[in-house]
2 protein chains.
Amino acid sequence: MSNEPNPTPARVTMKDIALRAGVSQSTVSFVLNGNEDMRISEETRARVMDAVAELGYRPRGAGRPARDEASRVIGLMVDEIATSPFAAISIEGVQETAWKHNAIVEVVMTGGNRDYEATALRKWAADGVAGIVYASILTRKVAPPDALARHRAVLLNCYDAERRYTSVVPAERRGGEMATRQLIAAGHRKIAFITGENWMEASDQRLEGYERALRQANIPVDPNLIVEGNFLPSGGRTATLRLLDGPVRPDAIFCANDLMAVGCYEALKERGERVGATMAVMGYDDQEIAQHLSPALSTVLLPHREMGNWCAEWLLSPSEGAGLQERLECPVVLRESHMRG
Amino acid sequence: MSNEPNPTPARVTMKDIALRAGVSQSTVSFVLNGNEDMRISEETRARVMDAVAELGYRPRGAGRPARDEASRVIGLMVDEIATSPFAAISIEGVQETAWKHNAIVEVVMTGGNRDYEATALRKWAADGVAGIVYASILTRKVAPPDALARHRAVLLNCYDAERRYTSVVPAERRGGEMATRQLIAAGHRKIAFITGENWMEASDQRLEGYERALRQANIPVDPNLIVEGNFLPSGGRTATLRLLDGPVRPDAIFCANDLMAVGCYEALKERGERVGATMAVMGYDDQEIAQHLSPALSTVLLPHREMGNWCAEWLLSPSEGAGLQERLECPVVLRESHMRG
DNA sequence: AAATATTGCTAATAAATATTAGCAGCGAAA
DNA sequence: TTTCGCTGCTAATATTTATTAGCAATATTT
């Protein structure tokens, strides 16, 4: 025997299975592919399957490709989804449109780990996926890995600085604007705004939309009515108390997200205010808990599902080149809390 | 030209790319694989990449397999994750253990669609994935697709009737028991229970655990203290009011999930009860919103991440045969609400 | 000028699986 | 008994990509 180190054991191939089962390699191929055209006896089939189980054979895509076109696959790479159901809704959106095109969606959560991203992209390159969705939980600018460039790719809820990739994000500014217009249409004039985290673009843009709507209605933007929150119920509660104790009494409060609206409700109840009667409240992002508030919270939807639908459609349909930026509408849902007595 | 219909256009192969770029097929292979050992001029590389972009070549796994072992992949098939962040936590659990074994996780959400399941399993067979996790949002009995049998597979948060597959589920009965024991340990004797949906096994088992703990403490199970809920805040609120107006006044209320605990808090506040002082409350499943309750809710955790970790470990490590059923502990987290004044 | 080393490729071959063409054996019909 | 049809395979070939061995051209050294 050679003095060289033993080579790593070879992968089990159909030839090994054939040897063990006492059949030919082509018989193994017919059995594993469930080819209906080829007659294989039950006894032979069982011997092949036994050998597969015994030797631990796992099929791989090497060798001569099959004549039939394999089902298409979209790869979806997301930084993380555990902290938010929203990413899952976007994924569902990608999936339902992809399935209409007979494509399945494989999701990989990378946690932003570059090695993980590179490994997944290598895998998807080997698979020949039809396209890749690169998704972010928070709307933000991203720097996709270089390897993404060799695929047909779209950015979901994010965009790149050079605009090399097509991207789709929510129209946050316009959402903030439309929500504020609805409060104005309901008769409110002293509309307060509770911000989220300032470093989040979504928060900034919602505030900008609020300010734009006020200006267009010839209502001055009053700094006393803009209070800093933190996207949590506790922040919404604290900010609401500050507004109620401030120099200008608002008649409506626009919270930059629904969790803060939960805290806002608590603070208003503490101070004897009646939501939708003595004080109006508007939320944003339509989180599940907000649907349990009473009176029912009016809020702004984020187009998670629609962004997902749009990505799959763009990847799987003939379309123009890369570099588009699409902004999807954030519809306002009017329940009860935006009204006034 | 033949009178027969034109055949479907052949897939673009490396040979086509080579022709277009004016190089050999092996040069194309070197460029696309980023092989560092082979010297290719920048000019040649650019011509190959231009041809790839122009002809729309997408790599696939056919032909001679590469010498190096590709990174391993675990396929994870889940019915749906949009309605619950819990599945995402389980997926993260699978992923963090898999990554320690240098495997990535590809997730497919099938919505229970059998065609989708079959397509994904075919894809994963062609890929030679190292193993498959078949996951369910609700703990339940499932009938996995036949094609799952040809893979090394584990059931997450579900199990099959024939016990052909290894499975991992939460130890719900024990969780209910431990939580009740903690209430007893805090001095409570008239402990109420608000059930979830009766058709859900988790609800049944939590109730059984509650009853077992009472019996072991020689406290009679009082049907007046067991009220039907519905896993929603509204159901928790209604059930709590019924308990307060019932013939037996409880000194603790064990809610079968945290959303009902939210409603329970509301009802107690309405009736002037002080949580953690005049009335104790225990929740279950540690949902995000419950972390914003004041006083802080004591609750039972579900081992989402641990179940995920366990699945990846089982798939990627040498281990015994299929057919195990593992039940993972549901730890009780004591915050403030379980106490009494 | 001649010899040697390096660069940047390619032709040939290898590897694994899919598919086709063909055949031995068996049973049924003439 | 002979012929024909069917069954259940297999040998050979096809296909695509990965890898090796080798070479023309160029640069460097002697």
Side-chain angles (χ1 to χ4, degrees), chain A residues 7-49 51-52 55-71 122-128 150, chain B residues 7-49 51-52 55-71 122-128 150:
Chain A
T8 63
R11 285 279 293 266
V12 175
T13 71
M14 286 187 176
K15 284 176 173 171
D16 303 309
I17 300 302
L19 207 62
R20 174 62 62 97
V23 298
S24 69
Q25 176 265 321
S26 35
T27 297
V28 175
S29 182
F30 292 133
V31 170
L32 292 187
N33 285 310
N35 194 325
E36 296 299 317
D37 292 336
M38 191 59 50
R39 296 183 184 85
I40 307 288
S41 72
E42 278 308 312
E43 195 262 334
T44 297
R45 187 184 305 273
R47 290 208 323 275
V48 168
M49 295 308 292
V52 165
L55 299 181
Y57 172 85
R58 283 204 311 275
R60 66 212 216 212
R64 180 179 177 173
R67 173 93 42 72
D68 300 330
E69 180 82 12
S71 297
R122 231 178 353 258
K123 162 66 162 62
W124 283 335
D127 288 351
R150 64 187 286 216
Chain B
T8 61
R11 282 282 292 268
V12 175
T13 71
M14 286 186 176
K15 282 177 174 169
D16 303 310
I17 300 301
L19 210 59
R20 173 62 61 95
V23 297
S24 68
Q25 176 262 320
S26 36
T27 297
V28 175
S29 182
F30 294 133
V31 169
L32 292 188
N33 284 313
N35 193 325
E36 294 300 317
D37 293 337
M38 192 58 52
R39 294 181 183 86
I40 307 288
S41 72
E42 280 306 312
E43 194 260 336
T44 297
R45 188 184 305 273
R47 291 211 321 277
V48 168
M49 296 306 294
V52 166
L55 298 182
Y57 172 85
R58 283 205 311 275
R60 68 214 215 206
R64 179 179 177 172
R67 173 90 45 70
D68 300 332
E69 181 82 13
S71 296
R122 228 174 1 254
K123 162 63 162 59
W124 282 336
D127 287 351
R150 65 189 285 215

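Reminder, nothing fancy here: chain letters follow the sequence lines and each chain counts from 1.
As rounded to whole Å, 11 Å separates atom P of C:dT10 from atom CE of B:M38. One can place CD1 of A:I17 at 18 Å from C1' of D:dT10, the figure rounded to the nearest angstrom. Between the CZ atom of A:R45 and the C1' atom of D:dC9 there is a distance of 13 Å, given to the nearest Å. Rounded to whole angstrom, the span from the CG atom of A:L32 across to the C1' atom of C:dA16 amounts to 13 Å. Atoms CD1 (B:I40) and P (D:dT19) sit 14 Å apart, rounded to a whole Å. Rounded to whole angstrom, the span from the CZ atom of B:R39 across to the P atom of D:dC23 amounts to 18 Å. Note: CD (B:E43) to C1' (C:dT7) measures 15 Å, nearest angstrom. C:dA18 atom C1' lies 19 Å from atom CZ of B:R64, rounded to whole Å.
Nearest heavy atoms, B:L55 versus B:V12: O-CG2, 3.5 Å. Among all heavy-atom pairs drawn from B:M49 and B:L32, the shortest one is SD-CD2, 4.0 Å.
Here A:V28 lies out of heavy-atom contact (under 4.0 Å) with every strand. Counting non-hydrogen atoms under 4.0 angstrom, A:S26 reaches a base of the nucleic acid.
When the nucleotides C:dA16, D:dA18, C:dC9 are ranked by their closest atom to the side chain of B:A66, D:dA18 comes out on top. Here the side chain of A:T44 is nearest to one of D:dC9, D:dT17, C:dA16, namely D:dC9.
Contact annotation: B:Y57 side-chain N/O to D:dT16 OP1/OP2 distance is not under 4.0 Å. The side chain of B:N33 places no N or O atom within less than 4.0 Å of a non-bridging phosphate oxygen (OP1 or OP2) of D:dT17. For D:dA18, one of the phosphate oxygens OP1 or OP2 lies less than 4.0 angstrom from a side-chain nitrogen or oxygen of B:S29. Taking 4.0 angstrom as the limit, B:S41 places a side-chain polar atom (N or O) nearer than this to OP1 or OP2 of C:dC9.
D:dT30 and C:dA1 make up a base pair, with Watson-Crick or G-U wobble contacts both under 3.5 Å.
Taking for each of B:Q25 and A:T27 the nucleotide of DNA chain D with the nearest heavy atom, the 5'-most of the two is the partner of A:T27.
For the atom pair B:R47 CZ and B:I17 CD1, the distance stands at 13.0 Å (nearest 0.5 Å). Rounding to the nearest 0.5 Å places OG1 of B:T27 at 9.0 Å from CD of B:Q25.
You'll find the side chain of A:V31 stays beyond 4.5 Å of the side chain of A:V28, heavy atoms only.
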